[in-house]
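Scope of the values below: all heavy atoms of this structure, side chains included, with no hydrogens, waters or symmetry mates. Below, read A as the first sequence line, B as the second, and so on, with proteins coming before strands; counting in each chain starts at 1. From a predicted model like this one, the values you see are computed outputs, not experimental measurements.
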There are 2 protein chains.
Amino acid sequence: MRKGDETRARILQVAEAAVLAKGFGATSIEELITETGITKSGFFYHFHDKNELAKALLERYLENDNRIYDEIFGRAHELADDPLQAFLLGLKLLSEQLADLPNGHPGCLVAVMCVHERAFDRGIQEINRQAALAWRSRFRAMFTEIMDVYEPREPLDPDQLADMVSTVLEGGIVMSKALREPKSLPDQLLVLRAFVRMLFRGDSRSPNPDVDSRRL
Amino acid sequence: MRKGDETRARILQVAEAAVLAKGFGATSIEELITETGITKSGFFYHFHDKNELAKALLERYLENDNRIYDEIFGRAHELADDPLQAFLLGLKLLSEQLADLPNGHPGCLVAVMCVHERAFDRGIQEINRQAALAWRSRFRAMFTEIMDVYEPREPLDPDQLADMVSTVLEGGIVMSKALREPKSLPDQLLVLRAFVRMLFRGDSRSPNPDVDSRRL
DNA sequence: CGAAAACTGTACCGGCGGTACAGGAGGCTG
DNA sequence: CAGCCTCCTGTACCGCCGGTACAGTTTTCG
């Protein structure tokens, strides 16, 4: 039914903001129901316990997360034919989008679930792992595409390079929260961008190489 | 008194392991006292509430954290005169030490406190911020030392470079937990190491440049 | 209209963080 | 030896929260 889904979505929306702000344990069900305007019974009609809420929260978050990456890197691939240019543009667009958030990135639910780790069941741990693997394969695809055209200066594993993108995102979120400097996260992404550009193109002060001459 | 400090230390030790495994909210005081073999009253004699426990936990963690960095990069500076070599060696030693942990890195309390954020008072948030700033100044000192000798291929801010080390460490911890691959964290550190080497030394396939000829 | 979906209301349970307070063991000091 | 201080123990209690149970009510839709 539609009405039920709408209420459920409203709970998830309120819950996500609360969990990202205070952590999962510090978010009480009672506060969620007062904010969404339903009763406790209503809450447990939708989620039979807090663990199920966590699972739904994580799934919703990951859907949105993937949608954002699809959009940004899809647009980047439309604007640039060259895979390296597209990836570098994508990182830039992502950095800009993150810099535009007035209060900084609200936080990553994957990181939240990692920190709480054993407090959740294996189902959530597995979703988390699959999410990380999905990030890896997403960015690995970009790096192998780049490596078909450019030879890296250092022989780095595309899987590890791909993980580096997620690592900088997750670490950047943690650090910008610790530092209370929202700009830190987008800046770190740009540092990564500089590293990747350096890896495949070398010195930035030399003019851009003629890309097509190196294409297979 | 010595006896009190010893009990306090035992509580902190038990608490740290529990918090890193399950998060702060999921760690109950009752479980801590059964494991340390004291009573609830005994616990509240040492820490007047859970927030104070968190504070003491964080302070203890950061002391140890700083000691480890001092040791590793101190040794690296003993073994290598050149600041770049010393830094690269330090990253390698750190990576090896992290790879030797059988179950991977247990987790970073700074990240835990960041995730829980608003659940704690400003005192803890400030300690967290100071810790991140201390990491920044530690690694910035190394990068400015390196920049006195080597010119970077890309004009990167030493503060942002310094933050990159913390970012990769924090992100690597999150990612290796999400992936359930302990090796991921040390690997990411080595990727960062390759990036830094590339930034200051260029192509790894060319022979090592004569360092002294570039020294000021 | 009727059935299923989407709730509300009430009452209750146990665990947990936290308070209050009395008292006791053990060591140090005058 | 007395007395005090540190470092606890024991007991009793409070309120919040997650969760259960279940009966009843409204809303939605075929």
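Residues passing the salt bridge (Lys or Arg N to Asp or Glu O under 4.0 Å) test with R122(B): none are found, sequence neighbours excluded. Residues meeting the side chain to side chain donor-acceptor pair (under 3.5 Å) test with K22(A), sequence neighbours left out: E31(A). When the side-chain contact (heavy atoms from CB on, under 4.5 Å) test is applied to L89(A), the partners found at least two apart in sequence or on another chain are A76(A), L79(A), L93(A). K55(A) meets the side chain to side chain donor-acceptor pair (under 3.5 Å) test with no other residue; sequence neighbours excluded. Here V14(A) pairs with L32(A), E35(A), T36(A) under the side-chain contact (heavy atoms from CB on, under 4.5 Å) rule; sequence neighbours left out.
Between Y45(B) atom OH and dA22(C) atom P the separation is 18 Å, expressed in whole Å. Regarding F47(A), its CZ atom lies at a distance of 11 Å from the P atom of dC7(C), rounded to whole Å. Nucleotide dG15(C) holds its P atom 17 Å from the CG atom of L32(B), rounded to whole Å. Distance D5(A) CG to dT27(D) C1': 15 Å, rounded to the nearest Å.
Within a heavy-atom distance below 4.0 Å of DNA chain C, no residue of residues 52-60 of chain B is found.
For the pair L169(A) and L98(A), the minimum side-chain heavy-atom distance is below 4.5 Å.
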*For nucleotides 16-25 of chain D, read 5' to 3', which letter fits each nucleotide if B means a protein heavy atom sits under 4.0 Å from the base, S means only the sugar-phosphate is that close, and - means neither?*
--BBB-----
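Comparing the helix axis at one end of the helix from dC1(C)-dG30(D) to dG30(C)-dC1(D) with that at the other, each defined from 5 consecutive pairs, gives an inter-axis angle of 20° (nearest 10°).
An OP1 or OP2 oxygen of dC8(D) is reached within less than 4.0 angstrom by a side-chain nitrogen or oxygen of H46(B).
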Under 3.5 Å, which donor-acceptor pairs link side chains of residues 183-191 of chain B to any protein atom two or more places apart or in another chain?
unit_1	atom_1	unit_2	atom_2	d
K183(B)	NZ	D187(B)	OD1	2.8
K183(B)	NZ	D187(B)	OD2	3.2
D187(B)	OD2	Q160(A)	NE2	3.3
Q188(B)	OE1	M164(A)	N	3.2
Q188(B)	OE1	T167(A)	OG1	3.2
Q188(B)	NE2	Q160(A)	O	3.1

Indicate every side-chain donor-acceptor pair of residues 37-49 of chain B with a distance under 3.5 Å to a residue at least two apart or in another chain.
unit_1	atom_1	unit_2	atom_2	d
T39(B)	OG1	G42(B)	N	3.2
K40(B)	NZ	E30(B)	OE2	3.4
H48(B)	ND1	E52(B)	OE1	2.7
D49(B)	OD1	N51(B)	N	3.3
D49(B)	OD1	E52(B)	N	3.0

Show me the side-chain donor-acceptor pairs of residues 132-140 of chain A shorter than 3.5 Å, one per line, residues at least two apart or across chains.
unit_1	atom_1	unit_2	atom_2	d
W135(A)	NE1	D65(A)	OD2	3.0
R136(A)	NE	D163(A)	OD1	3.0
R136(A)	NE	D163(A)	OD2	3.2
R136(A)	NH1	E181(B)	OE2	3.4
R136(A)	NH2	D163(A)	OD2	2.7
R136(A)	NH2	E181(B)	OE1	2.9
S137(A)	OG	A134(A)	O	3.3
R138(A)	NH1	D70(A)	OD1	3.0
R138(A)	NH2	N66(A)	O	3.3
R138(A)	NH2	N66(A)	OD1	3.2
R138(A)	NH2	D70(A)	OD1	3.0
R140(A)	NH1	D159(A)	OD1	2.8

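Interatomic distance, CD1 of I72(A) versus CZ of R67(A), reported as 10.5 Å (0.5 Å rounding).
Among pairs with a residue in residues 90-104 of chain A, none fulfils side-chain hydrogen bond (donor to acceptor under 3.5 Å, both in side chains), at least two apart in sequence or across chains.
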